[in-house]
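For the single chain, residues carry numbers from 1 onward in sequence order.
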Amino acid sequence: MTLEWEQVIVDSADPEALGRWWAEALGWVVVNDEPEEYEIRPEKDRLPGLLFVRVPETKTVKNRLHLDFRPEDRDAEVERLLALGARHADIGQRGDESWVTLADPEGNEFCVLAARRR
C-alpha cells in the first residue's frame, strides 16, 4: 500500500480570502475557487496543496500543526510576508531562535527559517 499526500486542510472563517493570501505568499496557483473550499497548489498538477474550508468557529489557541518555510533570505522574506498582512506571533519563543514565527491573516502560525547552511 502507498499513500500520496494530497493536501493540508486549513479551517477558515473566509476560505477564499485566506486562500488568496496564501497563494500570493507562496506564489502558488488556484485550482479550486469555490467559496466553501478554496484550493491552491505549487502548480496545477503538483501536490501537495492547501485546501481552505469554511468552519463556524474562530481560532482560539496555538496550532497543533504548522508549516515551516526556508527561504534564501529569511529577513527579506519576513518583511515581504509582513507587508502582505502577516504578523509576528508569540508562541513562547526564547528569543534566540534561527526562525521567525508569523501568523497569517486568520492567526494560523507558521515559521520562516534561516537559510540552509551550505
Give the C-alpha distance, both sets of side-chain angles, the deciding distance and a yes or no for side chain to side chain contact (heavy atoms under 4.5 Å, CB included) between Leu47 and Glu4.
CA-CA 9 Å; Leu47 298 174; Glu4 183 176 23; 3.3 Å; yes
Test side chain to side chain contact (heavy atoms under 4.5 Å, CB included) on Leu18 and Asn108 and set out the steps.
CA-CA 10 Å; Leu18 191 58; Asn108 299 298; 3.8 Å; yes
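Val112 is listed as a side-chain neighbour of Pro71, based on a closest heavy-atom distance under 4.5 Å. No side-chain heavy atom of Glu36 sits under 4.5 Å from any side-chain heavy atom of Val53. For the pair Arg87/Leu102, no side-chain contact is recorded, criterion being any heavy-atom separation below 4.5 Å from C-beta on. Side-chain contact between Glu37 and Leu51 is present, with at least one heavy-atom pair separated by less than 4.5 Å.
Between atom NZ of residue Lys59 and atom OG of residue Ser12 there is a gap of 12.5 Å, rounded to the nearest 0.5 Å. In this structure, the separation between CZ on Arg116 and CD on Glu72 is 10.5 Å, given to the nearest 0.5 Å. Atom CH2 of Trp21 sits about 5.5 Å away from atom CG of Leu81, to the nearest 0.5 Å. The CD atom of Glu109 sits 12.0 Å away from the CG atom of Asp68 when rounded to the nearest 0.5 Å. For the atom pair CG (Asp11) and CG (Asn63), the distance works out to 9.5 Å, reported to the nearest 0.5 Å. Between Leu26 atom CG and Phe69 atom CZ the span is 5.0 Å, to the nearest 0.5 Å.
Using a 4.0 Å cut-off between a side-chain N of Lys or Arg and a carboxylate O of Asp or Glu, Glu39 and Arg41 qualify as a salt bridge. Of the charged side-chain nitrogens involved, none lies within less than 4.0 Å of a carboxylate oxygen, so that Glu77 and Arg74 do not count as a salt-bridged pair. Using a cutoff of 4.0 Å between basic side-chain nitrogens and carboxylate oxygens, Arg20 and Glu16 are scored as salt-bridged.
Taking the side chain to side chain donor-acceptor pair (under 3.5 Å) definition, one finds that Asp96 meets it with Arg94, sequence neighbours left out.
Residue Ile9 is not grouped with residue Leu50 when hydrophobic side chains (ILVMFWY) are merged at heavy-atom distances under 4.5 angstrom, including chains of intermediate members.
For Arg54 (side chain) and Ala13 (main-chain N/O), a donor-acceptor pair under 3.5 Å exists by modelled atom type. Panel note: side chain Glu106, backbone Asp14; a donor-acceptor pair is recorded below 3.5 Å.
Side-chain atoms of Asp104 and Trp22 form a donor-acceptor pair, as typed in the model, at a separation below 3.5 Å.
Heavy atoms from other residues, nucleotides or ligands lying under 6.0 Å from CD of Glu97 number more than 12.
Through side-chain heavy atoms spaced under 4.5 Å, either directly or across other Ile, Leu, Val, Met, Phe, Trp or Tyr residues, Val29 is tied to Val31.
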